[in-house]
Amino acid sequence: MSVLPLVFTSGWASGINAYAVVLLLGLLGATGVSDDVPAALQRPDVLILAGVLFVVEAIADKVPYVDSVWDAVHTVIRPVAGGVVAALLAGHDGSLPELAAGAVGGSTALLSHLVKAGTRIAVNTSPEPASNIVLSLVEDLGVAGIIAFAVFHPVAAAVLAGALLAAGITLVIVLWSRIRRFLRRRRQRRAEKRLAAAGSVVPPAG
């Protein structure tokens, strides 16, 4: 139970940027700032891989439409990462608390990922790219700040993460009509392109 607030917060953050969570926790543990970070997250190969993927995500996440494709690819990756990080934080080698922590971290990561993906779809309905860049920067800074805060004040950070998750879910519900219109227009454009491609094919002379 003592690690549950950190598990919840890391799950929420993993749903937004799992690579940043692994990288930041690993660095906090490797530099001796926190003794609660498992050794598996402090390994040099894990830190290097997380760092490279974090840079790739930082770029992809700021490009309109590319960010939504990236989110779709990470629909499985982020919840799995959130569950693994949570299980590692709980420790106990396959015990019931570890499994429960993995379930909490994974499900929280899935919820926050869906909120992020839904918000990005709504933002992509805007013709200018600045909103994507600003939102991505806010997300990156928010993840870094709340994870660092959670290491020292896990309960307060968990309360903040819960409030942000609830606010995000509410926002996506409010924006859902805009998201549906965007998806409907995109389906129409695809159908028009298919019809145009079919019409451009000239049948052979017989």
Side-chain angles (χ1 to χ4, degrees), residues 1-61 67 70-117 136-162 164-165 168:
M1 292 298 295
S2 62
V3 79
L4 186 59
L6 182 57
V7 162
F8 178 82
T9 304
S10 67
W12 172 84
S14 294
I16 298 174
N17 193 327
Y19 306 125
V21 173
V22 173
L23 179 62
L24 186 56
L25 284 175
L27 289 174
L28 290 173
T31 55
V33 175
S34 173
D35 296 328
D36 297 326
V37 179
L41 296 179
Q42 303 179 37
R43 289 169 39 188
D45 57 334
V46 172
L47 292 175
I48 292 172
L49 180 60
V52 171
L53 291 173
F54 170 75
V55 172
V56 174
E57 174 152 325
I59 297 171
D61 206 40
D67 58 351
W70 185 265
D71 285 338
V73 171
H74 284 72
T75 300
V76 174
I77 296 174
R78 286 173 183 156
V80 169
V84 171
V85 169
L88 289 172
L89 289 171
H92 306 300
D93 298 326
S95 64
L96 184 58
E98 185 180 28
L99 296 176
V104 170
S107 58
T108 306
L110 177 60
L111 282 174
S112 63
H113 164 76
L114 293 176
V115 167
K116 172 177 178 170
S136 177
L137 288 172
V138 169
E139 289 171 349
D140 292 343
L141 292 174
V143 166
I146 203 167
I147 287 296
F149 185 54
V151 170
F152 302 102
H153 305 283
V155 175
V159 172
L160 179 58
L164 290 172
L165 180 60

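- Using a 4.5 Å cut-off on side-chain heavy atoms (C-beta onward), Ser10 and Leu89 make contact.
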Task: Trace of the side chain to side chain contact (heavy atoms under 4.5 Å, CB included) decision for Val151 with Leu25 - done: CA-CA 9 Å; Val151 170; Leu25 284 175; 4.3 Å; yes
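- Val22 places a side-chain heavy atom less than 4.5 Å from the side chain of Val85.
- Listed here is the closest heavy atom pair of Phe8 and Ala158: CE2-O, 3.6 Å.
- Ala109 approaches Gly82 most closely through the heavy-atom pair CB-CA, 4.1 Å.
- Thr75 places a side-chain N or O within donor-acceptor distance of the main-chain N or O of Ala72, the cut-off being under 3.5 Å.
- In this structure, CG on Leu23 lies 11.5 Å from CD1 on Ile147, to the nearest 0.5 angstrom.
- Rounding to the nearest 0.5 angstrom, the gap separating the NE2 atom in His153 from the OG1 atom in Thr9 is 12.5 Å.
- For the pair Tyr19/Ile77, a side-chain contact is recorded, criterion being any heavy-atom separation below 4.5 Å from C-beta on.
- Of the inter-residue distances, the one linking Ser136 atom OG with Ile59 atom CD1 reads 10.5 Å to the nearest 0.5 angstrom.
- Enclosure of atom CG in Asp45 by more than 12 non-hydrogen atoms of other residues, nucleotides or ligands within 6.0 angstrom is indicated.
- Closest of all the heavy-atom pairs between Leu24 and Ala148 is CD2-N, 4.2 Å.
- A distance-only check finds a donor-acceptor pair linking the side chain of His74 to the backbone of Trp70 [under 3.5 Å].
- Exactly one of Ile16, Asp71, Leu114 qualifies for a side chain to side chain contact (heavy atoms under 4.5 Å, CB included) with Arg78. That residue is Asp71.
- In this structure, Leu6 CG and Phe152 CZ are separated by 11.5 Å, a value rounded to the nearest 0.5 Å.
- A donor-acceptor pair is defined here as one N or O able to donate and one able to accept, closer than 3.5 Å; no such pair exists between the side chain of Ser34 and the backbone of Gly29.
- Annotation for Gln42 and Val37: closest pair NE2-O, 2.8 Å, computed over non-hydrogen atoms.
- Between Val21 and Val143 the shortest side-chain heavy-atom distance falls below 4.5 Å.
- Closest non-hydrogen pair, Ala101 versus Ala86, comes out as O-CB, 3.2 Å.
- Between Thr108 and Trp12, the shortest heavy-atom distance links the atoms CG2-N, 3.5 Å.
- Contact of the Leu160 side chain with the Leu164 side chain is registered, since non-hydrogen atoms from C-beta on lie closer than 4.5 Å.
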